[in-house]
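Worth knowing before you read on, the calculation uses all heavy atoms, side chains too, and leaves out hydrogens, waters and symmetry mates. It should be emphasised that the depicted structure is a prediction, and the values quoted were computed from it without experimental measurement.
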Amino acid sequence: MIRKAVLPVAGFGTRCLPASKAIPKEMITIVDRPVIQYVVEEAVAAGIRDIVLVTHASKGAIENHFDKHFEMEASLEAKGKHELLEQLRSIVPDDVNIISVRQPEPLGLGHAVLCARPAIGDDTPFAVLLPDVLVDGEGLERNDLGGMLDAFERTAHAQLMVEEVPHEMTRQYGIVDTGGEVPGPGESRPLAGVVEKPPVDEAPSDLAVIGRYVLPGSIFALLAETPPGAGNEIQLTDAIEALRAREGVDAYRMSGKTFDCGHQLGYLEATLAYGRRHARYGQGFRELLARYAGED
């Protein structure tokens with residue numbers, strides 16, 4: 001069973017400015033909780049029990065969010081606010097560990113993953129979840145990350161989660177080449193390569209990489225040998241390409257839906273999707289949407 005996941009959260013979040021100037025982009029809220037909490041909940045639902053945050057000195061708010069706040073909990077208990085108290089205590093289930101490591105300088109996503117090596121080890125497979133993207137598993141028996149973990153267990157191949165995008169938008173994404181064998185939702189196929197932002201008429205498929213990976217521990221040795229690439233940064237995709245040539249890598253096609261919360265419109269769409277079905281606020285939020293729709 002794969003029990004470990006790496007969440008790179010050390011970036012400055014420039015796509016979210018000015019909202020992310022004074023707070024981490026991962027702490028911007030969707031309805032009633034920060035984006036990073038949804039990502040951790042996704043991992044936990046898939047069976048992950050050790051969450052490794054690769055963080056930065058300016059991201060203390062993330063670590064604090066997942067830490068125990070004894071004074072606040074004592075105050076809520078004394079005031080009889082038991083529902084709020086339970087919400088705080090359930091942010092991190094008792095059987096889940098939150099571990100923080102530092103990325104001392106911004107040297108790329110590959111370097112951020114490499115910083116987690118001491119907490120993961122070279123013999124342990126693990127997941128990587130980019131916190132800019134929410135993967136919504138509403139209505140699925142097992143969420144897409146769980147499906148990826150299962151696919152790794154069956155094949156022993158690294159897995160890249162992919163999502164079908166409109167063909168005219170392929171130029172905006174990293175597009176996978178599966179040799180013409182397109183996986184159905186919840187299926188994976190061997191990867192022949194990844195083309196970064198190809199011209200529309202040269203895109204090998206309509207399947208875009210979306211920020212979820214399941215990798216063997218052997219990726220760390222490859223990352224340690226990977227020279228700086230695009231942007232003079234150590235690129236995770238370069239190490240994955242070396243892994244593909246050596247061991248094989250699969251593309252796993254998701255069944256759910258994604259929201260790019262690093263982009264303002266993606267964040268607003270996520271707020272709409274999660275707000276409409278929220279157990280406490282959903283009814284009132286739907287009424288607000290109907291009222292504003294009537295003003296158009």
Charged N-O contact under 4.0 Å between Arg189 and Asp250: no

Under-4.0 Å salt bridge between Arg244 and Glu241: yes

Atom of Ala224, atom of Arg117 and distance for their closest heavy-atom approach: CB-NH1, 3.9 Å

Ring centres under 6.0 angstrom apart (Phe126, Phe220): yes

Charged N-O contact under 4.0 Å between Glu163 and Arg253: no

Separation between CE of Met254 and CG of Asp136, rounded to the nearest 0.5 Å: 8.0 Å

Greater than 12 external heavy atoms within 6.0 Å of Lys68's NZ: yes

Heavy atoms from other residues, nucleotides or ligands near CD of Glu141 exceed 12 (cutoff 6.0 Å): no

Partner of Val214 by side chain to side chain contact (heavy atoms under 4.5 Å, CB included), out of Val249, Val128, Asp150, Ile2: Ile2

Residues, nucleotides or ligands: over 12 heavy atoms within 6.0 Å of Gln87 CD: yes

Residue pair Gly179 / Ala192: nearest heavy atoms and the distance that separates them: N-CB, 4.2 Å

Test of ring centre spacing under 6.0 Å for Tyr38 and Tyr274: yes

Euclidean distance, His167 NE2 relative to Ser205 OG, rounded to 0.5 Å: 9.5 Å

Presence of salt bridge, Glu138 and Lys257, under 4.0 angstrom: no

Carboxylate-amine/guanidinium proximity below 4.0 Å for Arg15 and Asp260: yes

Lys/Arg-Asp/Glu bridge criterion (N-O < 4.0 Å) met for Glu83, Arg280: yes

Distance-minimising heavy-atom pair for Gly275 and Phe285: C-CD2, 3.4 Å

NZ/NE/NH1/NH2 to OD/OE distance under 4.0 Å, Asp94 and Arg89: no

Shared hydrophobic cluster, Ile210 / Leu140 (ILVMFWY, side-chain heavy atoms < 4.5 Å): no

Any pair counted as side-chain hydrogen bond (donor to acceptor under 3.5 Å, both in side chains), so long as it reaches residues 207-231, sequence neighbours left out: Glu42-Arg212, Ser218-Glu247

Between His65 and Gln37, a side-chain donor and acceptor under 3.5 Å: yes

Residue pair Glu233 / His111, side-chain donor-acceptor N/O under 3.5 Å: no

Axial cation check for Phe152 ring with Arg154, 6.0 Å and 45° limits: no

